There are 2 protein chains.
Amino acid sequence: MEYTVQKLAQLAGVSSRTLRYYDQIGILTPARVNSSGYRIYGQKEVDRLQQILFYRELGIALETIKEIMTAPSFDAEKALKEHREQLLEKRKQLDLLITNVEKTIASTEGRMDMSDQEKFEGFKKKMIDENQRKYGKEIREKYGQETVNQSNAKLMNMSQEDYEAVTKLEAEVREALAEAFATGDPAGEQAQKAAELHKRWLTYYWTEYSKEAHAGLAQMYVDDERFTAYYDKEQPGMAAFLRDAIHIYTGQK
Amino acid sequence: MEYTVQKLAQLAGVSSRTLRYYDQIGILTPARVNSSGYRIYGQKEVDRLQQILFYRELGIALETIKEIMTAPSFDAEKALKEHREQLLEKRKQLDLLITNVEKTIASTEGRMDMSDQEKFEGFKKKMIDENQRKYGKEIREKYGQETVNQSNAKLMNMSQEDYEAVTKLEAEVREALAEAFATGDPAGEQAQKAAELHKRWLTYYWTEYSKEAHAGLAQMYVDDERFTAYYDKEQPGMAAFLRDAIHIYTGQK
DNA sequence: ATTGACCTTTACGTTACGTCAAGGTTTATC
DNA sequence: GATAAACCTTGACGTAACGTAAAGGTCAAT
């Protein structure tokens with residue numbers, strides 16, 4: 001089955017402008033254009049649009065959706081299963097909101113007391129990010145560390161191989177870091193190797209690497225107690241040591 | 001309890017910029033500003049912000065929210081009950097989407113066949129009737145029927161054909177109604193034909209038809225002066241006549 | 001041959017904020 | 001009692017994901 005813009009738009013419940021925009025930003029290009037320049041969409045595009053709409057429904061930016069879906073490791077079926085989980089999560093949040101509105105009705109009728117905090121329960125879907133913003137400043141909450149290992153792996157739609165590679169790399173970083181820490185020299189060979197491994201680990205998550213961002217993340221390892229706890233688990237002072245090594249590696253400061 | 005911008009922002013899970021913007025557009029002004037020009041919010045503002053966020057969650061534009069909430073007829077408790085209904089509606093739509101994703105998974109696994117239409121079930125927004133009845137009043141008032149038809153057509157993502165059909169139907173309703181009005185009998189053949197045409201017109205906008213809702217809308221044509229004005233334009237009493245005809249048609253009352 | 005619903009590109013407009021910038025205020029700490 | 005950190009203020013420009021309008025080509029049906 002082939003569709004023109006308007007036909008596909010009607011089928012999917014979006015506007016034709018939306019489809020043209022999606023073509024423009026390269027997230028959904030037509031199967032072909034006919035001799036008059038009309039966009040013609042086929043079965044593959046229908047399915048791709050469906051995927052896009054699932055991501056969009058979950059509040060993912062189009063640019064991000066594009067990155068996810070054009071990655072060579074993208075697996076449509078895995079993505080769908082992820083959608084299902086996210087949608088169920090969204091449903092749970094909606095239920096929270098419904099509880100909230102019911103409690104609020106009860107409280108306006110004097111049948112109940114409500115704290116100010118309770119009044120905003122269920123709106124919080126972003127509160128986790130907000131909480132993290134309280135600690136860090138920018139890229140950090142996005143590219144943080146431990147939650148990222150799982151949640152971003154999902155978001156990036158990593159393959160099993162990638163996930164294994166990244167987990168292995170993480171172990172290597174820790175190992176190299178332990179060795180380096182024993183030398184006590186953040187500028188030494190061992191420490192610089194650890195910094196480089198850390199960078200390679202990072203590139204699995206970051207779409208583009210910059211020294212500044214890398215240095216910033218390193219600083220956060222010291223500033224944010226949750227990360228400090230993670231790195232200092234074995235040896236106190238490890239987080240600060242890693243920061244110093246990375247700062248030297250990136251040539252910052 | 002009094003809050004500064006940041007405090008309230010944290011409580012509600014929004015940014016301080018958002019609160020300043022809300023002040024700027026006049027949808028949520030602080031209770032007072034202190035001697036240094038700081039915004040100070042009180043209990044009333046907390047509750048108002050909660051209401052705003054409920055509306056926002058339902059996808060209502062801030063400008064519209066403002067109009068709704070500053071209207072003298074605004075009733076907070078009634079609004080909350082509407083929120084509950086709308087949220088339940090939203091949950092139903094979410095469930096549709098979840099069913100969709102599950103069917104899609106099954107179809108990629110070859111356990112099921114899916115039509116292209118089915119692939120987009122749950123994405124399309126409904127709420128058009130609400131839009132029409134509650135939030136579209138001033139749009140209707142300002143720009144008249146033609147633009148309302150157009151904006152609704154866009155909302156429903158109607159095709160040109162549909163739009164034409166709906167415009168034609170509307171003319172037929174008026175014509176049949178004028179004829180019926182001349183007979184003076186709301187139970188007569190002419191009047192019942194007008195009621196049926198009116199129902200057909202409605203089904204272009206409503207995702208599901210019910211006699212109760214139809215009867216309710218008819219009553220509103222009499223209660224709301226703007227609708228009354230529209231129907232009584234040619235003949236005073238036409239709105240009431242249409243209501244009676246529809247009430248008989250639907251078997252209500 | 002015309003009409004009217006399609007399609008195209010170009011381009012400016014809109015909403016709900018995010019993100020500096022430049023500067024004043026409050027609070028905690030040395 | 002100075003000073004830094006952490007607030008607050010008002011601009012003002014940036015953005016995402018389209019909406020909307022303009023100017024014009026295409027296609028099917030009358």
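From a predicted model like this one, the values you see are computed outputs, not experimental measurements. Within every chain, numbering begins at 1; the chains are lettered A, B, ... in the order of the sequence lines, protein sequences first and strands thereafter.
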Study note, to complete from the structure: Letter by letter from the 5' end, nucleotides 9-14 of chain D scores (B base, S sugar-phosphate only, - none; protein heavy atoms under 4.0 Å) BB-B--

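Look at A/Gln6 and you'll find a side-chain N or O under 4.0 angstrom from OP1 or OP2 of C/dC7. Between A/Tyr22 and D/dC18, a side-chain N or O to OP1/OP2 separation shorter than 4.0 Å is present. Listed pair B/Ser15 / C/dG18 meets the phosphate criterion, a side-chain N or O lying under 4.0 Å from OP1 or OP2.
Note: CG (A/Leu8) to C1' (C/dC7) measures 15 Å, nearest angstrom. At whole-Å resolution of the value, CD in A/Gln10 and P in C/dA5 are 14 Å apart. To the nearest angstrom, C1' of C/dG24 lies 12 Å from CG of B/Asn34. The separation between A/Leu28 atom CG and D/dA17 atom P is 15 Å, rounded to whole Å. Atom NZ of A/Lys66 and atom P of D/dA16 are 12 Å apart (whole Å). Nucleotide C/dA16 holds its P atom 7 Å from the CD1 atom of B/Ile25, rounded to whole Å. In this structure, B/Leu19 atom CG and C/dC17 atom P are separated by 10 Å, rounded to whole Å. For B/Gln24 and C/dG18, the CD to P distance is 13 Å, given to the nearest whole Å.
Ring orientation note: the planes of B/Tyr55 and B/His83 are nearly perpendicular, at an angle over 60° on the 30°/60° scale.
No option in B/Val14, B/Ile27, B/Ile65 other than B/Ile27 meets the side-chain contact (heavy atoms from CB on, under 4.5 Å) test with B/Tyr22.
Checking side-chain atoms of A/Glu85 against main-chain N and O of A/Glu82 turns up no donor-acceptor pair under 3.5 Å.
Residue B/Thr4 is classed as a sugar-phosphate contact, given heavy-atom separations below 4.0 Å to backbone atoms only.
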Exercise for review: Using the salt bridge (charged side-chain N to carboxylate O under 4.0 Å, His left out) rule, take A/Asp47 and A/Lys44 through it: C-alpha gap first, then chi angles, then the decisive distance, then the call.
Suggested key: CA-CA 5 Å; A/Asp47 293 341; A/Lys44 240 180 60 192; over 6 Å; no

Review point. Step by step, would you call A/Gln43 with B/Asp116 a side-chain hydrogen bond (donor to acceptor under 3.5 Å, both in side chains)?
Key: CA-CA 9 Å; A/Gln43 193 56 50; B/Asp116 281 354; 3.2 Å; yes

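For NZ of B/Lys103, the number of neighbouring non-hydrogen atoms (other residues, nucleotides, ligands) closer than 6.0 Å is greater than 12.
A residue-by-residue look at B/Arg56 and B/Ser35 shows that B/Arg56 has its nearest nucleotide of DNA chain C further toward the 5' end.
Residues B/Asp95 and B/Thr99 bring no donor and acceptor atom of their side chains to less than 3.5 Å of each other.
Closest approach to the A/Tyr21 side chain among C/dG18, C/dA16, D/dA16 is made by D/dA16 (side chain taken as heavy atoms from C-beta onward).
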